Amino acid sequence: SVSSAFDFTPALFPLQSTSGGYTALGAPSQVSLSLERGGAHDNLEKQKTLTFLNGLSLVVGLVIGSGIFSSPAQVNSHTGSPGAALIVWAISGLLTWTGAALSSQDLRRTRRLPLTWTAILVLKPGSAAIIAIIFGEYVIRAAIGADVEEINPWINKAPAFLALAVVTFLNCISTRFAARIGDLFMFFKFIALIAITVIGIIVAATGLSFNGPANTDWKSRNWFDGTTTDISSWAVAIYAGLWAFDGWDNTNYVTGEFKNPSKDLPRVIHTGMPTVIICYILANIAYIFVLPLATINKSNTVAVQFGNKVFGATGSLILALIVSGSCFGALNATTFTSGRLVYAAGREGYIPAVFGTVGFGHRNSQLPAPAKFRKRSWLTKKLRSIFGDDAGFGATPINGMLLNACLTAAYVAVGEFKSLITFYGVAGYTFYFLTVLGLIVLRIREPHLERPYRTWITTPIIFCCVSLFLVVRAVVNEPVQTLVVVGFVVAGVPAYYWRIRGRDSGGQREGEGRFWRRWGRGLRGR
Ligand code: ARG
């Protein structure tokens, strides 16, 4: 079977739902909510439907999100020059590509409680918070335009909280309705990205500008002038780039669904990732052509500035709406998967069992909810008339999604874009580093293990070096943030021994897990 280096999910979360039913090309796919192990594997055999193109659009669609419209300020200001910024985009793209290639190596499933734990506490809500914050900034820009300089952060955060609430609510009542929203916006962000690139090149070639004199920054300066030599600054810039490329791990959700995983998966990765890298570099060149560096450096909403410079207020409004729509779709998708991840972890006993329930907590229910829990109350009927047949509060992991929403809201409240991308990157790349290190060790210890395909051993080694550099730099630069991440991870370790080791080593020792039992009966013998 194809497992992967970075999956915290397949072990817990079957490969059934294509990232929450989002196929970029088509209708909301066969969303299957069966999260039970046995069931998932049975159905898996029947559902090998994804073709190469489905996979490609899925991966590209899930990677391209808020980042290319928000990270450039961080990348540019931390590298000091446009040339160096482009290099950072290339480095982070290549690192991501390498990681994605490695992720399709066959690794043994190990108990990954610490990773699941970190995913639930940091990675999932952290990425949702970043997306929500960018959503907020773009919505506010849509309302007030590109020119206002200083905006109170809480004004930006208000729509972020609101969107989080709406998305959580929608995901609690209906899976399919939520999936439809995602598909809609998937389309627009491609258009926006392509439009930005084409317009940028036209503007550079013709010198056209409808709003003020054309930008000549890029003509008059050396593109590497001002490049910083501070290595820490580069690390921060790379984290910003990595955010935009993040999401490649989503290939893990679909590996099992390919008709021919060992052939299609590498093809998807080796076409998808370079496509994204090229798109991002071109978009950045377009930004540099159109906008003065000072503007790029200080705006999290670079697409609004771009639209404003080229087409004035209408341009900035259109781009603000498209990007906020894209973020909304991404927030929606991540809420879906997070809810299921928390649910699965609750059922495994990794976290208190109240989170592993369906609806408002029918303790032993599972997804899909048994018919007796799908109550047809007046409310349910009403909801179904609005949202379609599957609506109702009885069939989704509500507690799991609420936990995720609360954590996300906390990150939105205390964080800002700049700090959260580093925070997220440190947590993510600590694990990527450890996992790939594990892969190298496995290669050496069990060289003959069957793998769908293998990369050169140099690839994981380079990956390890770069991610180690990033993590170490973060420790030096942002000790507090790193400490918080480490705290979260370490908190998972005692829980691991307490809960999982006891169970797997043949049973329930006296007193084990007493604390968590109070939260519900989570421990199920297997
Ligand atoms: N690359 C995406 C963006 O630029 C972020 C993806 C979020 N990560 C994830 N695993 N869902 O917005």
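Note that ligands are numbered from 1 as they come in the structure, with each ligand's atoms numbered from 1 the same way. Predicted model, so just to flag it, every value in this text is computed and none were measured.
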Could you pull out every donor-acceptor pair under 3.5 Å between side chains of residues 153-166 and any protein atom, sequence neighbours left out?
from, atom 1, to, atom 2, distance (Å)
K157, NZ, V412, O, 3.0
K157, NZ, A413, O, 3.0
K157, NZ, G415, O, 2.9

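On a distance-only criterion, D246 and ligand 1 share at least one N/O pair closer than 3.5 Å. Backbone and side-chain nitrogen or oxygen atoms of W243 are examined, and one is located within less than 3.5 angstrom of a nitrogen or oxygen of ligand 1. Taking any N or O of I131, backbone or side chain, none lies under 3.5 Å from an N or O belonging to ligand 1. The N/O atoms of T334, backbone and side chain alike, include none that comes under 3.5 Å of an N/O atom in ligand 1. For V63, a nitrogen or oxygen atom sits less than 3.5 Å from a nitrogen or oxygen atom of ligand 1, counting backbone and side chain alike. Between L62 and ligand 1, not a single N/O pair is under 3.5 Å apart.
The shortest distance between side-chain heavy atoms of H270 and W97 falls below 4.5 Å.
Between Y429 and Y239, the ring-plane angle classifies as perpendicular under the 30° and 60° cut-offs. F69 and Y138 have perpendicular rings, their planes meeting at more than 60° on a 0 to 90° scale where under 30° would count as parallel.
The closest approach between a heavy atom of A330 and any atom of ligand 1 is not below 4.0 Å.
For residues 81-95, the pairs satisfying side chain to side chain donor-acceptor pair (under 3.5 Å) are S81-T227, W89-N284, with sequence neighbours left out.
Across V203, I199, T301, a single residue satisfies side chain to side chain contact (heavy atoms under 4.5 Å, CB included) together with F306, and that is I199.
Residues N171 and T335 have side chains that never bring a donor and an acceptor to within less than 3.5 angstrom of each other.
Applying the 4.0 Å criterion to heavy atoms of Y424 picks out, from ligand 1, the atoms 8 (N), 10 (N).
For the residues G67, S70, S71, G126, the heavy atom positioned nearest atom 4 (O) of ligand 1 is part of G67.
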